[in-house]
Amino acid sequence: MNWFYVEELKDHIGEEVELRGWVWNIRSSGKIHFIQFRDGTGFVQVVVESSSARPEVFESASKLRIESSVIVRGKVIEDKRSPYGVEIHATDVIPIQIPDEPYPISKKDHGIDFLMSYRHLWLRSRRQFHILKVRDAILMAIRHFYKARNFTLIDTPIFTGAIGETAENLFELDYFDYGKVYLTQTGQLYLEAACMAFGKVYNLGPTFRAEKSKTRRHLIEFWMHEAEVAYYEHEDNLRLQEELISYIVKYVLENAQDHLLALGRDTKKLQKVEVPFERITYDEAIKLLQKSGSNIQWGDDFGGDEETVIASNFEKPVFVTHYPRKVKAFYMQPDPKRPEVVRCADLLAPEGYGEIIGGSQRIHDYQLLLERLEEFNLPKEKYQWYLDLRKWGSVPHSGFGLGIERTVAWICGLEHIREAIPFARTLYRIYP
RNA sequence: UCCGGCGUAGCUCAACCGGUAGAGCGGGUGGCUGUUAACCACUAGGUUGGGGGUUCGAGUCCCUCCGCCGGAGCCA
């Protein structure tokens, strides 16, 4: 008998199949067992009736407990009573392993501390299954997007000597006799080098921030996708970002809609995410906030509350551009008409999910970059390679970074970012 | 790091003004041929986070330590 996955069953109605998976719940009425079965591709109900099954099969089904692993053989039956449309009428139930202890995650509610401690088992739960399937779709969408545009994937290093953005928030490690090195906060500087070699490049990988942040939007280790394009200026950069985001949302709606619906996500809100996105300047955002009763002043950076107020005025993501250069990173290109602001943009997701992208045009002038390094008290020696990029064939270039977990949280409609990554690293949790 | 909240059975919670520990789920036993967090009956399960104090008496009040949660700053 052929081994099939649950996701294939609707194409095999009436056939005898073998399934290999786990029992997530079992209900029994004495002479009939209902095995709630999962195999990592989906969920289905297996029915074992004493009137039709062989006695030893019925007996082995009675012995199953929650999270037993099991091989089931039986016939695929179309059944309107099943939420999945089909169910399996078992002819064989072969337990692989039956737990000695009760499964710690019960059918009732649990607290978040307990669930995070059992993350290795929590991954088996249906909600987590759907979230991580959406994450998988988002990462696949990013790769498709760049493949179609002939970008080159450049894997940037995890260990770095140069500081990406600010000297604070870095994880320090001893690197043999070399001395201190850091876990990367961003691969951007390396992508800038690569874009002068490959024109249009992107990366996708983990980044680390030693911030003692305790909010629903922060992780210590999070995944970031960054892109960098030579000869792109500010406007080109925004256009690439809005095309990427609308592509990701469309891709997820087409390829993972069932998962979104299982999570209870209102997909109508996501269907509105089409290009172009609105752009407002930092100056306009300040006015908008002041009109909403905030006493924020020009020159202040935005916090989570401010981002939520701004984003609540829009149905799709919105760009906030031209921030004061003092609140932004050292490498951002000043606006030629107003040197006190830089050619940057943050993309704020709707529904209070905050900043999902930060990007900018980069300084391409050697002398100006050198001045900025000094202004930010960064050690020139460690950035010599970065300065070199401005010595040979320097061109205007732009790029951005997308926070993967924030994007997953927004598209799935999650309360907290910690469910958007398989094993979250938060402030005081490294287990499991 | 700062501010606020919480810590009671394996899990989620209840216990009035300080008066002597209770329910659901999970576990065990039995019943049930269409269950959807199945249901019904019976049953086992507790140093109330640790330490100290006040009191005739503390899960409850006070001090302290630990753990967790939420928020802020910072950021994606």
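Order of the sequence lines fixes the chain letters, A, B, ..., with proteins taken first and strands second; residue numbering starts at 1 for each chain.
Under a 3.5 Å cut-off, the side chain of A:E355 and the backbone N or O of A:D346 do not form any donor-acceptor pair. When atom types are taken as modelled, the side chain of A:N255 and the backbone of A:Y251 share a donor-acceptor pair closer than 3.5 angstrom. At least one donor-acceptor pair under 3.5 Å links the side chain of A:Q361 to the backbone N or O of A:H234. Distance alone, capped at 3.5 Å, places no donor-acceptor pair between the A:H33 side chain and the A:I35 backbone.
Ring orientation note: the planes of A:F330 and A:Y386 are nearly perpendicular, at an angle over 60° on the 30°/60° scale.
The cationic group of A:R126 lies under 6.0 Å from the six-membered ring centre of A:F43 and within 45° of the ring axis, placing it in a cation-pi geometry. At least one cation-pi condition fails for A:K316 and A:F277: the charged atom is not both under 6.0 angstrom from the six-membered ring centre and inside a 45 degree cone around its axis. In this structure, A:R54 is not positioned above the aromatic face of A:F58 in the sense of NZ or CZ being under 6.0 Å from the six-membered ring centre and within 45° of the axis.
A salt bridge links A:D236 to A:R239: at least one charged side-chain nitrogen sits closer than 4.0 Å to a carboxylate oxygen.
Distance from the side chain of A:F114 is smallest for B:U12 among the nucleotides B:U12, B:C74, B:U35. The side chain of A:Q36 lies closest to B:U35 when the candidates are B:G71, B:U35, B:A76. Here the side chain of A:N25 is nearest to one of B:A37, B:C75, B:C69, namely B:A37. Closest to the A:E49 side chain, of the nucleotides B:U33, B:U35, B:A76, is B:U33. Closest to the side chain of A:S106, out of B:C25, B:C69, B:C74, is B:C25. Checked against B:C32, B:G34, B:G73, the side chain of A:T215 finds its nearest nucleotide in B:G73. Distances from the side chain of A:R65 to the nucleotides B:C69, B:C11, B:G27 place B:G27 closest.
Using C1' as the reference atom, B:U12 and B:G19 are 28 Å apart when rounded to the nearest Å. One P atom belongs to B:C68, the other to B:C63, and the distance between them is 22 Å to the nearest Å. Taking the C1' atom of each, B:C16 and B:C75 are spaced 47 Å apart, rounded to whole Å. Atom name C1', nucleotides B:G51 and B:C13: the rounded distance is 27 Å, in whole Å. Going from the P atom of B:C17 to that of B:C61 covers 10 Å, rounded to whole Å. Taking atom P in both B:A9 and B:U47, one finds a spacing of 9 Å when rounded to whole Å. B:G49 and B:C39 have their P atoms separated by 30 Å, given to the nearest Å. Nucleotides B:G5 and B:C42 place their C1' atoms 40 Å apart, quoted to the nearest Å.
A sub-4.0 Å separation between OP1 or OP2 of B:C69 and a side-chain N or O of A:R429 is present. Not one side-chain nitrogen or oxygen of A:K214 sits closer than 4.0 Å to the OP1 or OP2 atom of B:G71. Residue A:R217 has no polar side-chain atom (N or O) positioned under 4.0 Å from OP1 or OP2 of B:C75. The shortest distance between the side-chain N/O atoms of A:R418 and the OP1/OP2 oxygens of B:C68 is not below 4.0 Å. OP1 or OP2 of B:G26 lies within a sub-4.0 Å distance of a side-chain N or O belonging to A:K107.
With hydrogens and angles ignored, no donor-acceptor pair closer than 3.5 Å exists between the side chain of A:E415 and the base of B:G70. At a cut-off of 3.5 angstrom, counting only N and O atoms as typed in the model, there is a donor on one side and an acceptor on the other between the side-chain of A:R406 and the base of B:C75.
Contacts of A:S51 with the nucleic acid, taken as non-hydrogen atoms under 4.0 Å apart, include base atoms. Heavy atoms of A:H416 sit under 4.0 angstrom from primed sugar atoms or phosphate atoms, though from no base atom. Nucleic acid contact class of A:Q45 (heavy atoms, under 4.0 Å, all strands): base. Among the protein residues, A:D346 comes within range of no part of the nucleic acid, since none of its heavy atoms lies under 4.0 Å from any strand. Residue contacts shown for A:G354 are absent, as no nucleic acid heavy atom lies under 4.0 Å away. Residue A:S50 is in base contact, counting any heavy-atom pair closer than 4.0 Å across all strands shown. Counting any heavy atom pair closer than 4.0 Å across all strands shown, A:I357 reaches sugar-phosphate atoms only and no base atom. At the heavy-atom level, A:H110 lies under 4.0 Å from the strands shown only through sugar-phosphate atoms. Note on A:E355: only backbone sugar-phosphate atoms sit closer than 4.0 angstrom, heavy atoms only; bases stay farther off. Within the 4.0 angstrom heavy-atom criterion, no nucleotide atom of any strand lies near A:R126. Nucleic acid contact for A:F222: base, since at least one base atom lies under 4.0 Å from a heavy atom of the residue.
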Quiz item: In dot-bracket notation, what is the pairing pattern of RNA chain B, taking Watson-Crick (N1-N3 plus N6-O4 or O6-N4) and G-U wobble (N1-O2 and O6-N3) contacts under 3.5 Å, with [ ] crossing and | for other strands?
Solution: (((((((..((((.....[..)))).(((((.......))))).....(((((..]....))))))))))))....
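For residues 290-315 of chain A, proximity to RNA chain B is found at A:D301, A:D305, A:E307, defined as any non-hydrogen atom under 4.0 angstrom from a strand atom.
To the nearest angstrom, C1' of B:C74 lies 11 Å from CD1 of A:I220. Residue A:Y118 contributes atom OH, which lies 15 Å from atom P of B:C68 at whole-angstrom precision. Residue A:Y323 contributes atom OH, which lies 14 Å from atom C1' of B:C74 at whole-angstrom precision. To the nearest angstrom, P of B:G49 lies 15 Å from CG of A:D113. Between the CD atom of A:E67 and the P atom of B:G27 there is a distance of 13 Å, rounded to whole Å.
By the neighbour-count criterion of 12 heavy atoms within 6.0 Å, atom CD of A:E371 is densely surrounded, having more than that number from other residues, nucleotides or ligands. Heavy-atom contacts from other residues, nucleotides or ligands closer than 6.0 Å to CD of A:Q271 number more than 12.
Annotation: of the two residues near RNA chain B, A:M116 and A:P102, the 5′-most nearest-nucleotide partner is A:P102. Comparing A:T426 and A:I356, the nucleotide of RNA chain B nearest to each residue sits closer to the 5' end for A:T426.
The side-chain ring of A:F34 is not stacked on the base of B:G34, judged by centre separation under 5.5 angstrom and plane angle under 30 degrees.
With ring centers used as reference points, A:Y103 lies 6.0 Å or more from A:W22.
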Exercise. Give the intermediate values and the outcome of ring pair (Phe, Tyr, Trp, His ring centres under 6.0 Å) for residues A:F151 and A:F198.
Key: CA-CA 8 Å; A:F151 277 58; A:F198 296 87; over 10 Å; no
Quiz item: Can A:V47 and A:D79 be said to form a side chain to side chain contact (heavy atoms under 4.5 Å, CB included), step by step?
Solution: CA-CA 11 Å; A:V47 183; A:D79 195 316; over 6 Å; no
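The glycosidic torsion of B:C17 lies within 90° of 0, which places this base in the syn conformation.
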